[in-house]
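Per chain, numbering begins at 1; letters A, B, ... match sequence-line order.
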2 protein chains.
Amino acid sequence: MTPLRRNVLALLVRAGEPIKAYDLLDQMRSEDGSAKPPTVYRSLDFLMDVGLAHKVEALNAYIACAHCHDKGGAELYICGKCGSVDERHGAPEPRNAPDGFETERSVVEHYGLCAKCR
Amino acid sequence: MTPLRRNVLALLVRAGEPIKAYDLLDQMRSEDGSAKPPTVYRSLDFLMDVGLAHKVEALNAYIACAHCHDKGGAELYICGKCGSVDERHGAPEPRNAPDGFETERSVVEHYGLCAKCR
DNA sequence: CTGCGCATGTGATATTATAACATAACGTAG
DNA sequence: CTACGTTATGTTATAATATCACATGCGCAG
């Protein structure tokens with residue numbers, strides 16, 4: 001874990017909700033000035049590799065992992081109104097899977113309204 | 001359903017696996033010549049609205065719906081080797097959901113190896 | 001005919017992400 | 001200590017994905 005990566009993680013944590021790569025980049029630039037796209041994408045890739053961050057595929061955005069399990073995909077409940085994300089782990093999919101399919105990675109994202117925003 | 005939209009749907013069906021918007025566009029251009037990005041994106045949006053196509057979020061690609069249920073998100077099993085997609089419907093998520101969360105739309109994509117490719 | 005609503009055409013541009021190559025930082029073998 | 005390999009970062013450019021904004025056409029209700 002390098003200072004750069006730690007900084008990216010801190011920004012993700014501070015955001016508290018999904019944040020776009022280029023918004024992260026803007027925040028980095030306001031301190032550093034020299035940040036460029038590969039800087040932020042490389043740090044995000046690293047953080048996702050080690051399980052400290054997730055990509056929200058349907059939003060093209062990124063969040064800090066709330067569980068730090070380091071393995072196993074998260075299940076995300078994303079409120080479309082307030083932007084909050086509730087992250088759950090370990091939900092064993094109902095094995096609706098085709099016979100013999102071997103899952104390596106799952107993307108599970110639910111969009112809707114959280115209890116507060118209903 | 002217009003000729004344009006029917007054509008896009010036909011191309012999706014013909015592809016038989018997830019296809020990128022710009023690959024669709026290339027195929028359209030090879031017949032039509034005048035197709036442009038909004039042409040294909042508008043048709044895709046329409047097809048997704050009426051449930052005849054899905055976006056594979058983690059691939060930024062699109063597929064024809066194999067069930068035509070018109071409502072309710074699909075659950076996709078995507079083979080990383082041969083590219084085949086097995087589409088399942090009606091899997092009730094194990095309701096690992098936060099209390100009071102009201103889901104409007106779900107994205108469920110499983111990546112791995114299909115039975116044939118293992 | 002006229003006006004309205006929707007679909008499409010067209011050019012430009014915004015957003016998201018990666019390629020390719022250069023430089024630096026850091027540990028380890030010799 | 002020094003040379004070297006490996007990993008991380010800097011830098012420039014560009015690719016890939018998606019949308020905006022405005023013009024045009026087309027069918028139909030009034």
Short side-chain to backbone donor-acceptor contact, A:Gln27 and A:Leu11, under 3.5 Å: no
First of B:Asn60 and B:Leu4 reached from the 5' end of DNA chain C, by closest nucleotide: B:Leu4
Among D:dT17, C:dA17, D:dG10, the one nearest B:Tyr22 by side-chain distance: D:dT17
Closest non-hydrogen atom pair between A:Ala35 and A:Arg29, with its separation: O-NH1, 2.7 Å
A:Leu44 CG to C:dT16 C1', straight-line distance once rounded to whole Å: 12 Å
D:dT11 OP1/OP2 closer than 4.0 Å to side-chain N/O of A:Thr39: no
Gap between atoms CG and P, on A:Asp23 and C:dT16 respectively (whole Å): 7 Å
Of the listed nucleotides D:dT11, C:dG11, C:dG9, the one nearest the side chain of A:Ser34: D:dT11
Sub-4.5 Å side-chain heavy-atom contact between A:Val8 and A:Thr39: no
For the student: nearest non-hydrogen atoms of B:Tyr62 and B:Asn60, plus distance: CE1-O, 4.2 Å
Protein-nucleotide distance (A:Asp26, atom CG; C:dA14, atom C1'), rounded to Å: 14 Å
Interatomic distance where CZ belongs to A:Arg6 and P belongs to D:dT9 [whole Å]: 11 Å
Sugar-phosphate, base or nothing in reach of B:Arg5, heavy atoms under 4.0 Å: sugar-phosphate
Listed nucleotide nearest any side-chain atom of B:Lys20, set D:dT17, D:dG10, C:dA17: D:dT17
Nearest-angstrom distance from the residue atom CG of A:Asp45 to P of C:dT16: 16 Å
Value in whole Å for how far the C1' atom of C:dG9 lies from CE of B:Met28: 12 Å
Over all atoms of both residues, closest heavy-atom pair of B:Glu75 and B:His110: OE2-NE2, 3.4 Å
Among C:dG9, D:dT9, D:dT19, the one nearest B:Pro38 by side-chain distance: D:dT19
Side chain of A:Pro37 - closest among C:dT10, C:dA20, C:dT18: C:dT18
Among C:dT8, D:dT9, C:dA19, the nucleotide that comes nearest once only the side chain of A:Arg42 is considered: D:dT9
Whole angstrom value for the distance that separates P of C:dG11 from NZ of B:Lys36: 6 Å
Interatomic distance, A:Tyr41 OH vs D:dT9 P [rounded to whole Å]: 17 Å
